[in-house]
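Working notes for the structure below.
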Amino acid sequence: MMLIPAHHFRDIERKPQYLQPEKCIPPPHPRPAGAMWFIRDGCGIACAIVTWFLVLYAEFVVLFVMLIPSRDYVYSVLNGLVFNLLAFLALASHCRAMLTDPGAVPKGNATKEFIESLQLKPGQVVYKCPKCCSIKPDRAHHCSVCKRCIRKMDHHCPWVNNCVGENNQKYFVLFTMYIALISLHALIMVGFHFLHCFEEDWTKCSSFSPPTTVILLILLCFEGLLFLIFTSVMFGTQVHSICTDETGIERLQRKKQRRERRGSWKSVKETFGGDFSLNWFNPFSGPRHPKPLSDRDWVRQVSSVSDTENTETTTEEPSEEPKDEDFAEVVDE
């Protein structure tokens, strides 16, 4: 057998320890089946808490500053129901995106025994991640925050404290969509409230004093405008990635994938869980999960050995230069 690097045939003697599959042992305490997925990252946890705080702040201002003091009960009830429903769906989508395994590859499976069990044939190659000691299937990338290789990893998003990958991309798309909708709804209600208060007595527009009311509304307006722009862009980017069957990492690297691309509609159906229905917009309905990886899924053809693989964490603006190396084991003729 011959060991060769995947990144432009770099000198692999600098890190010879990565080339010894016998040193890749399974983790001492494997994650039990069905265990909740949660990343213990301080920055991500803080961002997730901030996200919930901002949604709850918007909820407070909408209810107690604009709707409850309003004398138009039909207006208050309808807008209250719509806003609370969208806020609930947004937070539910956020929880599902944060607590769902994005598609992690089994850690420490690049052992000598497992590689031998694959029975590599001439012209086949196995990629091994030197960081988590895992065999990487096609389109998997390593995240240094999650410390795992993630299948179809798009990016690591601190706002959901998780990677966006094969199993939770639907929830992330729904999260950005619902946040954009409640931001737009809040901005429209703030505009109507200002118009109403200018025509009426400010003391009758809110149970708070006029200066406090203005400050709360301005802060909500700023928050809504900021998140409307941000989440709308992220939503459009994710939908484009799904329709083109290309992750953010692949698009950033401008990598020419030597694979058969799925049609746009097929990719959308697999991401959202089947044919079009209301379940597409339901954060409690999961995507169509792929079949368990077979032996053939772990190996690739030798023609893809020189392809560039990303092994570093990718956030909302991932770096273009990979800093680590993957290594491939190839069977000679």
Side-chain angles (χ1 to χ4, degrees), residues 27 31 35-51 92-109 127 129-177 179 230-231 233-235 237-242 244-253 255 267 270-273 283 286-290 293 297 308-320 322-324 326:
R31 184 168 167 267
M36 184 180 69
W37 178 271
F38 183 75
I39 303 301
R40 295 177 177 84
D41 175 57
C43 177
I45 294 174
C47 289
I49 293 174
V50 169
T51 300
S93 300
H94 182 271
C95 285
R96 294 301 302 271
M98 180 171 59
L99 302 178
T100 299
D101 182 346
V105 176
K107 193 173 184 178
N109 67 344
Y127 285 83
C129 176
K131 284 191 170 184
C132 61
C133 217
S134 300
I135 295 180
K136 294 173 62 173
D138 191 24
R139 306 185 72 185
H141 302 274
H142 184 85
C143 173
S144 61
V145 177
C146 298
K147 296 180 174 59
R148 299 289 291 272
C149 285
I150 307 297
R151 299 192 304 272
K152 284 186 65 178
M153 175 181 168
D154 187 87
H155 67 285
H156 184 92
C157 179
W159 295 105
V160 298
N161 188 34
N162 201 1
C163 278
V164 177
E166 186 175 60
N167 293 343
N168 68 342
Q169 190 173 25
K170 170 187 174 177
Y171 309 129
F172 183 75
V173 171
L174 293 181
F175 167 66
T176 57
M177 181 184 73
I179 290 293
F230 177 74
T231 54
V233 171
M234 287 304 302
F235 174 77
T237 301
Q238 290 298 304
V239 171
H240 179 266
S241 295
I242 294 172
T244 58
D245 192 24
E246 183 181 49
T247 67
I249 293 178
E250 294 165 350
R251 183 171 59 254
L252 179 69
Q253 293 179 329
K255 178 180 176 180
S267 179
E270 288 188 359
T271 300
F272 287 93
R288 181 183 297 175
H289 293 287
L293 292 174
D297 295 320
T308 303
E309 294 284 331
N310 190 330
T311 59
E312 66 175 357
T313 298
T314 303
T315 56
E316 301 291 352
E317 295 180 359
S319 170
E320 295 189 27
K323 296 180 180 179
D324 297 295
D326 295 338

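Along the sequence shown, residues are numbered consecutively beginning with 1. Note: hydrogens, waters and symmetry copies are ignored here, and every other heavy atom, side chains too, is used.
- The minimum heavy-atom distance between Pro158 and Cys47, with the atom names listed, is O-CB, 3.2 Å.
- Under the side-chain hydrogen bond (donor to acceptor under 3.5 Å, both in side chains) criterion, Asn162 pairs with Trp37, not counting sequence neighbours.
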(request) Decide yes or no on side chain to side chain contact (heavy atoms under 4.5 Å, CB included) for Val105 and Lys136, but give the supporting numbers first. (result) CA-CA 7 Å; Val105 176; Lys136 294 173 62 173; 5.9 Å; no
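- In this structure, Ile150 and Gly165 approach most closely via the heavy-atom pair CG2-CA, 4.3 Å.
- Shown here for Cys146 and Ile39, the closest heavy-atom pair between the two residues is SG-CD1, 3.8 Å.
- Shown here are the side chain to side chain contact (heavy atoms under 4.5 Å, CB included) partners of Cys95, two or more places apart in sequence or in another chain: Trp52.
- The CG atom of Leu99 lies 11.0 Å from the OH atom of Tyr171; values are rounded to the nearest 0.5 Å.
- Among residues two or more places apart in sequence or in another chain, the side chain to side chain contact (heavy atoms under 4.5 Å, CB included) test is passed with Ile45 by Phe38, Ile49, Asn161.
- Taking 4.5 Å as the limit, every side-chain heavy atom of Phe175 sits out of range of all side-chain heavy atoms of Met234.
- Here the options are Cys129, Cys133, Cys149, Cys132, the test is side chain to side chain contact (heavy atoms under 4.5 Å, CB included), and the partner is Lys107; only Cys132 passes.
- A donor and an acceptor atom, one from each side chain of Arg251 and Ser241, are located under 3.5 Å apart.
- Side-chain contact between Val160 and His94 is present, with at least one heavy-atom pair separated by less than 4.5 Å.
- Here the side chains of Lys131 and Lys147 are not in contact, with every heavy-atom distance at 4.5 Å or above.
- To the nearest 0.5 Å, atom OG of residue Ser134 and atom NE2 of residue His142 are 8.5 Å apart.
- Partners of Thr176 according to the side-chain hydrogen bond (donor to acceptor under 3.5 Å, both in side chains) rule, which considers only residues two or more places apart in sequence or in another chain, do not exist here.
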(message) Apply side chain to side chain contact (heavy atoms under 4.5 Å, CB included) to residues Val239 and Met177 and explain how you reach the verdict.
(response) CA-CA 10 Å; Val239 171; Met177 181 184 73; over 6 Å; no
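- Among residues two or more places apart in sequence or in another chain, the side chain to side chain contact (heavy atoms under 4.5 Å, CB included) test is passed with Val50 by Leu54, Trp159.
- Taking both residues in full, the closest heavy atoms of Lys170 and Phe272 are given as NZ-O, 3.5 Å, listed atom of the first, atom of the second, then distance.
- Atoms CE and CZ, on Met153 and Arg139 in that order, are 13.5 Å from each other to the nearest 0.5 Å.
- Contact of the Ile242 side chain with the Val173 side chain is registered, since non-hydrogen atoms from C-beta on lie closer than 4.5 Å.
- For Gln238, the side-chain hydrogen bond (donor to acceptor under 3.5 Å, both in side chains) criterion is met by Asp154, Gln169, not counting sequence neighbours.
- For the atom pair Ile179 CD1 and Leu174 CG, the distance stands at 11.5 Å (nearest 0.5 Å).
- Counting heavy atoms from C-beta outward, Arg151 and Asn167 have side chains that approach closer than 4.5 Å.
- Smallest separation of non-hydrogen atoms from Pro102 and Cys163: CB-O, 3.5 Å.
- In terms of heavy atoms, Cys157 sits closest to Val164 at CB-CG2, 4.4 Å.
- Looking at heavy atoms from C-beta onward, Thr244 lies out of side-chain contact with Glu250 at the 4.5 angstrom threshold.
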